[in-house]
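Report on one structure; see the data block that follows.
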Amino acid sequence: CNYCPVGEPGQSLSTYDFASDDVPEKNVARVMMRMVNEINGSHLASLEKDDVRRVTCITCHRGIRVPVELDQLLVETHARDGIAAAVAQYRELREAYYGTAAYDFSEGTLLGAGQQIESADDHAAAAELFRLHTEFFPESGNSYMLLGNALVASGERDAGIEALEHALDYATNPRARQRIEQALDAARGEN
């Protein structure tokens, strides 16, 4: 790994100064290694042997330098750089890491990030993540329902109604259908 030692990225590891402590991340790595040893040596050692799993760096890092959940990363990127940057980041990470354990690309991730953004009253930005979700999960009634609600809340009433109508195509749960129909009635002004 060339993250902690002093050296030039892209160069051979033989050119790195592994003894140097000039990179602050090296001290962070040492603290984390002590933490892993403490967890394995003290905490897990006290458990029944059949229940014990060994903690390693991969337990948290999953092949990435800074372990962070994908939905939180997208929310942070949106807050710092805007929704277009968050959408681009998701696409880039999915291209680079899909099929690995690095990030969770399952259905709940984009929806969770969108809901966090929407809870801060940024309905238009949330709609962009829900729209992206429909691209990767085209048969998710939940994503179309969330998209429709976000679009209506952001002032795009007709597009929101269309998304809500599309959500009905995939809603098999009677309670979900009822919620979608209620959202459609409200969007149409049929309360």
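Everything quoted here is computed from the prediction, not taken from an experiment. Along the sequence shown, residues carry numbers from 1.
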Please report the shortest heavy-atom distance between [X] and [Y], naming the atom on each side.
X	Y	result
A183	N149	CB-OD1, 3.4 Å
L164	G148	CG-CA, 3.9 Å
T134	S143	CG2-OG, 3.4 Å
D71	T109	CB-O, 3.5 Å
A113	L129	CB-CD1, 3.8 Å
M145	A167	N-CB, 3.6 Å

Using the rule that two of Ile, Leu, Val, Met, Phe, Trp, Tyr join whenever any of their side-chain heavy atoms come within less than 4.5 Å, decide whether [X] and [Y] are in one cluster.
X	Y	answer
L184	Y170	no
L147	F136	no
L146	L151	yes
V75	L111	no
L70	V68	yes

What I'd like to find out is whether the side chain of [X] reaches to under 4.5 Å of the side chain of [Y], using heavy atoms alone.
X	Y	answer
Y144	L168	no
I64	Y103	yes
L74	Q116	no
E8	T15	no
L73	Y90	no
F130	H123	no
V36	T56	no
D122	I83	no

Heavy-atom neighbours of [X] [atom1] exceed 12 at 6.0 Å:
X	atom1	answer
E162	CD	no
E69	CD	no
E95	CD	no

Which value, rounded to the nearest 0.5 Å, describes the distance between [X] atom [atom1] and [Y] atom [atom2]?
X	Y	atom1	atom2	result
T77	R80	OG1	CZ	4.5 Å
R91	L93	CZ	CG	12.5 Å
Q182	R177	CD	CZ	13.0 Å

R54 backbone acceptor or donor facing N40 side chain under 3.5 Å: no

Main-chain N/O of I39 paired to S42 side chain as donor or acceptor, under 3.5 Å: no

Side-chain donor-acceptor contact under 3.5 Å, R175 with Q178: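 Side chains of R175 and Q178: pair found under 3.5 Å.
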
Polar contact flag, side-chain donor to acceptor under 3.5 angstrom, N27-R30: yes

Members sharing V6's hydrophobic cluster (side chains within less than 4.5 Å): V23

Inter- and intrachain pairs under ring pair (Phe, Tyr, Trp, His ring centres under 6.0 Å), touching residues 58-79, at least two apart: none

For Y98, ring-ring contact (aromatic ring centres under 6.0 Å, His included) partners two or more places apart: F105

Residue pair E38, R34: steps toward the side chain to side chain contact (heavy atoms under 4.5 Å, CB included) verdict: CA-CA 6 Å; E38 176 76 18; R34 285 193 296 271; over 6 Å; no

Parallel, tilted or perpendicular: rings of H133 and F137 (30°, 60°):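 Ring orientation of F137 relative to H133: parallel.
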
